[in-house]
Amino acid sequence: MLRKFKIDKYHAGIVPESTLFKTLRYLDTEKIETPFLLIDKDKVREKTTMIGRNIKNAKVFYAVKANPDIEILRFLNGLKMGFEIASEGELEILSSIGVEPSRIISSNPVKSLKFLKIAASCRVNHFSFDSMEEVNKIAKFIPDCNVYVRLSVPNEGSEWPLSKKFGVELDDALSLLSYAKDSGLNPVGITFHVGSQCTNIYNWNIALDKAKTLWDISRKKGIELRLLNIGGGYPIKYTKNVVSIEAIEKNVNSLIFERFPEDIEIQIEPGRAVVGDAGIFVSTVIGKAARGDEDWVYIDVGVFNGLMESVGGIKYSYIVEGSRQARSRKQWTIAGPSCDSFDVIDKNVSLPEPQVGNLMLVLSSGAYTVSYASEFNGFSIPKTILI
Ligand SMILES: *Cc1c(COP(=O)(O)O)cnc(C)c1O
């Protein structure tokens, strides 16, 4: 029996029709217990060819934390992608599939001692830092490796800001580069992160202004840099249109090559943009209830087993199975399966009436979902399946 979904133009504006089509075909032929995450390989491949295309001298390093599923990593490795990591766990999985250390960098400014030890033995050679303690640690475990300093830059307009935890201002960045050099490390460049799901193109302008200032003052101090790592932050469509990667990159490219040396090396570290909009979570409606004047629908994926970012303000789009009541749309509060009242995914979502037992698809959910999932309350971590 073919499943029926109420798909409209809105959905096709969020996820490509080819991805939706593949998903529906998969659901018609496979019987797997929900919840699980489907990743459209063709979409991932398309994103990897798009990212970095409009920035000269750019190398792309996938931020593994967005989705560390081994099949995704194998697929990206096959496409000769680079990888950005933060932990020994991420490094071990990359080593296990044969990624050479020259294609691995770590831009986590505070690394554990255990990670540094293992990174040294695997001959990873590019690390970010933003404190003297970090220089001391890196110099001890991996003397004369390449390091780049993390600048703090505005994260306004990013739906998942990262700036408060990491990064230093210009003066500190300059003294840290000197300190790294004096400690025997090889200070090669600058990094920043404009914030994840960054829909404000000006964040890159401000960040590049700051980086250029640091580049010049470092040079005056006798530190010749060669690398600019522009972090991640490229946005994807969740419920509305966002600035395109092409527009961001053309802007970034012109800003860089107006001001930095022609032979500068550029690194980009996208996570969300590589896998986010290639992913569709498949869940089942497990209950419905009217509470006061709110209509609640409960699905088997929630805040603790996949949709954690909803708590930080990411809003997803949904497709409901079953077309009979398709015309009667109502506002729904969507909640996950656990007994915790924190497990509420969204409110005031306009949906056709969902039926218990039917499927509900969560669009653009390939990044920062399964990688955050826990087994809280006995719900298992959803599988990721490449299609
Ligand atoms: C998480 C992270 C990224 C990826 O960010 P996205 O917004 O997913 O593109 C890149 N670099 C660093 C250092 C990160 O921590």
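When a ligand or atom number is given, it counts from 1 through the structure's own listing order. What you see is a predicted model; the values in this text were computed from it and never measured.
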Check: Phe61 ring centroid to Phe83 ring centroid under 6.0 Å: no
Where at least one partner belongs to residues 229-248, residue pairs that pass salt bridge (Lys or Arg N to Asp or Glu O under 4.0 Å), sequence neighbours excluded: Glu246-Lys250
For Tyr368, atoms of ligand 1 separated by under 4.0 Å from a heavy atom: 1 (C), 4 (C), 5 (O), 6 (P), 8 (O)
Residue Glu84 vicinity, atoms of ligand 1 by number, heavy atom under 4.0 Å: 11 (N), 12 (C)
Nitrogen or oxygen atoms of Tyr234 and ligand 1 under 3.5 Å apart: no
For Ser107, atoms of ligand 1 separated by under 4.0 Å from a heavy atom: 13 (C)
Basic-acidic side-chain contact under 4.0 Å: Lys117, Glu88: no
Salt bridge Lys47-Asp277, side-chain N to carboxylate O under 4.0 Å: yes
Check ion pair Asp209-Arg259 (N to O, under 4.0 angstrom): yes
Subset of ligand 1 atoms that lie under 4.0 Å from at least one heavy atom of Pro270: 9 (O)
Qualifying salt bridge (Lys or Arg N to Asp or Glu O under 4.0 Å) pairs with a residue from residues 134-148, counting only residues at least two apart or across chains: Lys111-Glu134, Glu134-Lys137
Numbered atoms and elements of ligand 1 in range of Gly233, under 4.0 angstrom, heavy atoms: 5 (O), 6 (P), 7 (O), 9 (O)
Option nearest atom 14 (C) of ligand 1 (shortest heavy-atom distance, choices Lys65, Gln267, Arg272, Glu269): Lys65
Numbered atoms and elements of ligand 1 in range of Arg150, under 4.0 angstrom, heavy atoms: 13 (C)
For Ala63, atoms of ligand 1 separated by under 4.0 Å from a heavy atom: 3 (C), 4 (C), 10 (C)
Gly271: numbered ligand 1 atoms lying under 4.0 Å from its heavy atoms: 4 (C), 6 (P), 8 (O), 9 (O)
Asp295/Lys330 ion pair, N-O < 4.0 Å: yes
